[in-house]
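Remarks on the structure that follows.
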2 protein chains.
Amino acid sequence: MSKKGTRKHASGGPTMADLAQLAGVSKITVSRALGDSPLVNPQTRERIQTLAREHGYKLNISARNLRLRRSHTVAVIVEMRPSVDRTMFDPYPLLLLGGISQELTAAGYSVLLTTRQGAGAAAVRAADGLILLGQGAHQDAVRRFDKLGLPMVVWGAPSISDAHVVVGSDNRLGGALVARQFIALGRRRPVFVGNPSHPEIFERLDGFVDALALRGIKPLLMRRDEFTVDSGMDAVHSLHERKVGFDAIFACNDLLAMGAIRATLDLGRSVPADVSVVGYDDMPLSASFLPPLSSVRQDWQEGGMLLARKVLALIDGEPAGSESLPVSLIVRAT
Amino acid sequence: MSKKGTRKHASGGPTMADLAQLAGVSKITVSRALGDSPLVNPQTRERIQTLAREHGYKLNISARNLRLRRSHTVAVIVEMRPSVDRTMFDPYPLLLLGGISQELTAAGYSVLLTTRQGAGAAAVRAADGLILLGQGAHQDAVRRFDKLGLPMVVWGAPSISDAHVVVGSDNRLGGALVARQFIALGRRRPVFVGNPSHPEIFERLDGFVDALALRGIKPLLMRRDEFTVDSGMDAVHSLHERKVGFDAIFACNDLLAMGAIRATLDLGRSVPADVSVVGYDDMPLSASFLPPLSSVRQDWQEGGMLLARKVLALIDGEPAGSESLPVSLIVRAT
DNA sequence: CGGTATCAAGTTACCGATAACATTTCTTTT
DNA sequence: AAAAGAAATGTTATCGGTAACTTGATACCG
């Protein structure tokens with residue numbers, strides 16, 4: 001209050017102009033020095049950088065963004081309402097977010113998190129790029145955001161009709177791996193349990209069917225809309241009631257698989273002696289399920305990182321195509 | 001290219017200046033009109049707003065933030081590395097995020113998501129407020145962010161020593177509810193399984209102990225660092241080996257509880273006839289566990305919303321204190 | 001009818017950083 | 001030693017909003 005110039009700014013520390021004055025140079029030189037531009041004398045640069053550190057200088061992002069006409073921000077739009085028919089479940093989306101965040105932060109970008117509801121906000125439109133998670137079943141949502149004209153990457157299953165970049169794990173491969181496992185075990189009457197109207201689930205089924213077809217085997221499809229233990233039990237009981245024979249079950253989710261196993265055991269049949277069961281997602285609990293559940297595992301974190309790299313590429317004007325990540329079958333006791 | 005003025009801006013739509021010209025008024029009038037300021041004639045306002053809509057006008061946030069010296073952003077710092085000793089597990093943090101996001105978006109704020117690693121970024125310091133999630137075990141982290149001098153709210157257990165605002169679910173109540181349940185069931189030798197060095201877990205234990213003490217019961221503490229099924233089994237086996245009698249188990253997590261139940265059954269004792277077991281978190285699977293697991297449930301989404309409301313209050317200079325959310329005991333078969 | 005209150009809109013001056021162009025200073029070349 | 005080139009720094013203008021202060025017009029008052 002008393003001395004003029006002691007504290008020029010109410011909130012926030014010194015600006016480039018302040019540093020410039022301190023260093024006896026002009027603003028632009030400070031800007032260059034802090035940006036490691038080769039245009040400034042190394043000594044000057046050093047001096048200014050030290051000064052900046054000492055005085056706790058903080059770059060004003062809004063100012064820079066305004067000037068550069070970009071936000072250095074990628075909006076991530078997540079479906080966060082938990083629901084029974086969610087494919088993205090449990091800790092996984094968080095791992096995806098972790099991968100995304102890690103990669104974007106490393107590249108100097110920020111992650112703006114929104115739900116579909118809040119995605120109309122100005123901040124989202126101001127983003128340099130867009131990542132869509134968990135919108136698999138909402139093609140309309142994808143199209144809606146596509147209209148924003150921002151570089152966009154979607155997590156899910158690639159579809160021929162859509163033009164945007166899709167990153168996902170290789171669901172076809174997942175299905176195929178399970179099929180091969182069943183074949184190796186000599187299974188002849190496999191069942192697929194799940195809801196193939198989700199593009200990702202459909203891919204799993206598709207890969208499964210194709211790989212089995214090579215051996216002339218045609219699996220049975222038990223459509224289940226809910227991805228829960230109960231639903232899995234239900235599926236098996238329903239098979240039993242209809243007196244349909246089966247010796248292998250591929251559930252498109254671990255909970256379904258657990259339910260299927262439980263029901264199978266209830267019916268007096270043995271797992272895995274009589275019936276093989278494989279789930280999907282390899283959730284933490286699966287390994288300690290009784291019996292330990294075999295499952296297909298996807299690398300969510302890596303997926304997140306890949307998503308991030310793709311948007312960054314698009315933002316930089318580089319070409320980027322859809323890509324699938326490998327999955328692995330974890331064989332345990334079922 | 002050909003006609004001058006047709007497309008003034010390479011990227012991005014019209015600015016306020018453009019609208020001003022179109023409407024034959026000055027920039028500031030446009031600004032006022034769009035901000036619903038009473039300083040403009042209602043008709044003019046209407047006219048300008050319509051014009052803005054027609055031309056797809058988008059407010060430039062960076063410009064506004066620069067001028068207003070605030071970012072309208074709250075940074076959420078999450079611990080995303082999954083690890084065995086994590087209290088915040090599974091879908092829950094996502095629900096927390098959902099609550100936060102919903103509330104902040106509604107208030108016109110953006111959610112900036114970062115990990116602890118990326119939290120040094122300029123964008124974080126530029127935030128108007130801070131929410132810390134999953135840092136319970138890292139008091140140093142809390143202090144580190146406290147230094148930024150931003151309005152800050154932490155998820156976890158309130159501690160007397162700390163001055164910042166803490167929001168969490170009422171872990172003491174959770175412990176007490178379980179204790180009362182055990183008392184009602186006539187249990188006399190309860191065991192607590194978990195790692196009380198986490199503040200939140202400690203509160204659960206504390207509430208548990210205090211409520212039991214009213215009946216002169218003193219529980220046994222089985223310290224377990226890992227929150228897994230195996231660890232839960234281990235705990236019970238270890239009790240058995242040491243020939244310690246017990247008739248009730250309060251596990252501070254559902255996975256531990258499941259392990260404890262399994263081990264108890266393995267030892268030939270019945271749940272719940274011989275031993276009562278209660279878990280914590282009420283994960284989706286718990287209801288369909290065999291036997292269906294009793295568990296303490298917290299409302300994560302509401303927690304997120306409360307966190308958000310607290311930071312907003314702090315940002316607006318209103319006072320805000322720590323607060324705990326009620327929890328409920330879901331009694332099932334154990 | 002002069003003078004003040006009220007309403008509507010305009011002027012000017014920033015917020016803090018940076019690109020494009022300009023200038024100065026030193027080094028090198030023939 | 002004059003011209004040309006390279007290196008280091010400065011000037012000016014601008015990104016798109018908005019607050020503070022001013023101006024102009026109309027209404028109201030005794």
Hey, is the main chain of S71(B) close enough, under 3.5 Å, to the side chain of D128(B) for a donor-acceptor pair?
yes
Compare side-chain N and O positions of T44(B) against OP1 and OP2 of dA9(C) and report whether any pair is under 4.0 Å apart.
yes
What is the distance, to the nearest angstrom, from the CZ atom on R64(A) to the P atom on dA17(C)?
10 Å
Classify the nucleic acid contact of V30(A) as base, sugar-phosphate or nothing, counting any heavy atom under 4.0 Å across all strands shown.
nothing
Tell me what R67(A) touches on the nucleic acid: a base, only sugar-phosphate, or nothing, going by heavy atoms under 4.0 Å.
base
M16(B) CE to dG17(D) P: how many Å, rounded?
5 Å
Report the distance from atom CG of N65(B) to atom P of dC15(C), rounded to the nearest whole Å.
16 Å
For the pair K310(B) (side chain) and G321(B) (backbone), establish whether a donor and an acceptor sit closer than 3.5 Å, ignoring hydrogens and angles.
yes
Nearest whole angstrom, please: distance from the C1' of dA7(D) to the CZ of R45(A).
13 Å
Reading DNA chain D from 5' onward, which residue's closest nucleotide shows up sooner: P42(A) or K27(A)?
P42(A)
Can you tell me if T15(B) touches the phosphate of dG16(D), counting only side-chain N or O atoms and a distance under 4.0 Å to OP1 or OP2?
no
Residues R309(A), E302(A): salt bridge by 4.0 Å N-O rule:
yes
Quick one: on DNA chain C, does V25(B) or A63(A) contact a more 5' nucleotide (nearest heavy atom)?
V25(B)
Could you check whether N41(A) and E46(A), counting side-chain N and O atoms only, form a donor-acceptor pair closer than 3.5 Å?
no
Nearest whole angstrom, please: distance from the P of dT22(D) to the CG of L39(B).
16 Å
Taking atom types as they are modelled, would you say the side chain of R32(B) forms a donor-acceptor pair with the base of dG10(C) within the 3.5 Å cutoff?
yes
For S101(B), is there any backbone N or O sitting under 3.5 Å from a side-chain donor or acceptor partner on T105(B)?
yes
If I take atom CG in residue N41(B) and atom C1' in nucleotide dA8(C), what distance separates them, rounded to the nearest angstrom?
7 Å
Indicate, with a heavy-atom threshold strictly under 4.0 Å, whether L59(B) touches base, sugar-phosphate, or nothing.
sugar-phosphate
Does S26(B) have a side-chain nitrogen or oxygen under 4.0 Å from the phosphate oxygens OP1 or OP2 of dA9(C)?
no
Whole angstroms only, please: what is the CD-C1' distance between Q21(B) and dG10(C)?
15 Å
Establish, with yes or no, whether the OP1 or OP2 oxygen of dT9(D) is under 4.0 angstrom from a side-chain nitrogen or oxygen of T29(A).
no
When you check the phosphate oxygens OP1 and OP2 of dA17(C), does a side-chain N or O of Y57(A) lie under 4.0 Å from one of them?
yes
Examine dG17(D): is either OP1 or OP2 under 4.0 Å from a nitrogen or oxygen in the side chain of S62(B)? Give yes or no.
no
Take the protein atom CG of L19(B) and the nucleotide atom C1' of dT18(D), then report the distance between them rounded to whole Å.
15 Å
